[in-house]
Amino acid sequence: MKEVGCLRSELHQVRDERDHTLAQVQNLSVEIANYEEMTGKSSKALDSLTTKSTALDETCSSQREQIQVLQHQLAAANEKLKMADLTAIETMTEYEGQKKTVKDLQDRLADAEPQILEAEKLRKKLHNTILELKGNIRVFCRVRPVLPGSDCGGTEGSVVSYPTSLESLGTPCFVEYALFLILHPTEGSVVFWY
């Protein structure tokens with residue numbers, strides 16, 4: 001009986017171990033179910049994160065392309081800015097040169113204005129002198145009848161017919177021209193006979 005007692009005690013022990021093992025199996029089944037549930041959730045979260053990661057990769061790639069395009073545009077804009085700066089410097093240099101030229105021309109004009117006024121005064125004075133001299137030249141014509149002893153065909157004068165009255169029509173006359181040049185009222189006059 002001792003054996004039966006031993007066997008019973010072993011059986012009891014085996015049952016306790018079995019109960020304990022069943023409890024552990026149940027706990028492990030619950031944990032496995034929890035793990036499976038968590039794995040399902042994790043799988044869904046992983047799929048969601050993979051989708052988001054793919055979308056972010058595409059966005060990143062698109063933004064890299066945009067950055068490259070913007071960098072090229074920035075480089076082109078910088079080149080244009082450099083060219084504009086060079087053009088502005090050239091324009092400023094040309095402007096300064098033209099400004100200096102205008103200043104020089106204004107100075108020359110300011111210097112020339114008194115000379116022009118003096119020259120205009122001299123021109124007016126000379127013009128008035130010429131007009132005065134032209135006004136002082138007088139031409140006189142003396143007409144006399146041809147004298148009986150004079151030669152009308154000579155070089156001293158011209159013969160014209162000048163009617164003085166009705167009875168002397170057709171009588172030839174001798175014409176002498178005298179040119180009086182009055183130089184100055186105080187100097188007298190000069191007579192030239194033709």
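Heavy atoms only: backbone and side chains are in, while hydrogens, waters and symmetry mates are out.
Rounding to the nearest 0.5 Å places CG of L28 at 11.5 Å from CG of L22. Put simply, CD on Q115 and CZ on R108 are 11.0 Å apart, with the number rounded to the nearest 0.5 Å. With rounding to the nearest 0.5 Å, the separation of OG1 in T51 from CG in L56 is 11.0 Å. To the nearest 0.5 angstrom, E79 atom CD is 10.5 Å from L74 atom CG. Note that CE of M83 and CD of E90 are 8.0 Å apart. Values are rounded to the nearest 0.5 Å. To the nearest 0.5 angstrom, S53 atom OG is 12.5 Å from D47 atom CG.
Under a 3.5 Å cut-off, the side chain of S62 and the backbone N or O of E58 do not form any donor-acceptor pair. Formation of a donor-acceptor pair under 3.5 Å by the T39 side chain with backbone atoms of Y35 is found in this model. Although no hydrogens or angles enter the test, the distance criterion places a donor-acceptor pair under 3.5 Å between the side chain of S29 and the main chain of V25.
The other members of the hydrophobic cluster of Y95, by chain and number, are M92 (side-chain heavy atoms under 4.5 Å, ILVMFWY only).
For the side chain to side chain donor-acceptor pair (under 3.5 Å) test, residues two or more places apart in sequence or in another chain that qualify with H20 are Q24. Judged as a salt bridge (Lys or Arg N to Asp or Glu O under 4.0 Å), and not counting sequence neighbours, the contacts of E120 are R123. Applying the salt bridge (Lys or Arg N to Asp or Glu O under 4.0 Å) rule to R15 yields no partners; only residues at least two apart in sequence or on another chain are considered. Every residue two or more places apart in sequence or in another chain was checked for a salt bridge (Lys or Arg N to Asp or Glu O under 4.0 Å) with D85, and none qualifies. Not counting sequence neighbours, the partners of Q98 by the side chain to side chain donor-acceptor pair (under 3.5 Å) test are E94.
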*Test log, rule salt bridge (charged side-chain N to carboxylate O under 4.0 Å, His left out), inputs E37 and K41*: CA-CA 6 Å; E37 185 180 328; K41 288 180 182 178; 3.5 Å; yes
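Side-chain contact between K52 and S48 is present, with heavy atoms from C-beta onward closer than 4.5 Å. Residues S61 and D57 fail the side-chain proximity criterion, which asks for heavy atoms closer than 4.5 Å. Between E132 and N128 there is no side-chain heavy-atom pair separated by less than 4.5 Å. Looking at V69 and Q73, their side chains come closer than 4.5 Å, going by heavy atoms from C-beta outward.
By the 4.0 Å N-to-carboxylate-O rule, D107 lies close enough to K103 to be salt-bridged with it.
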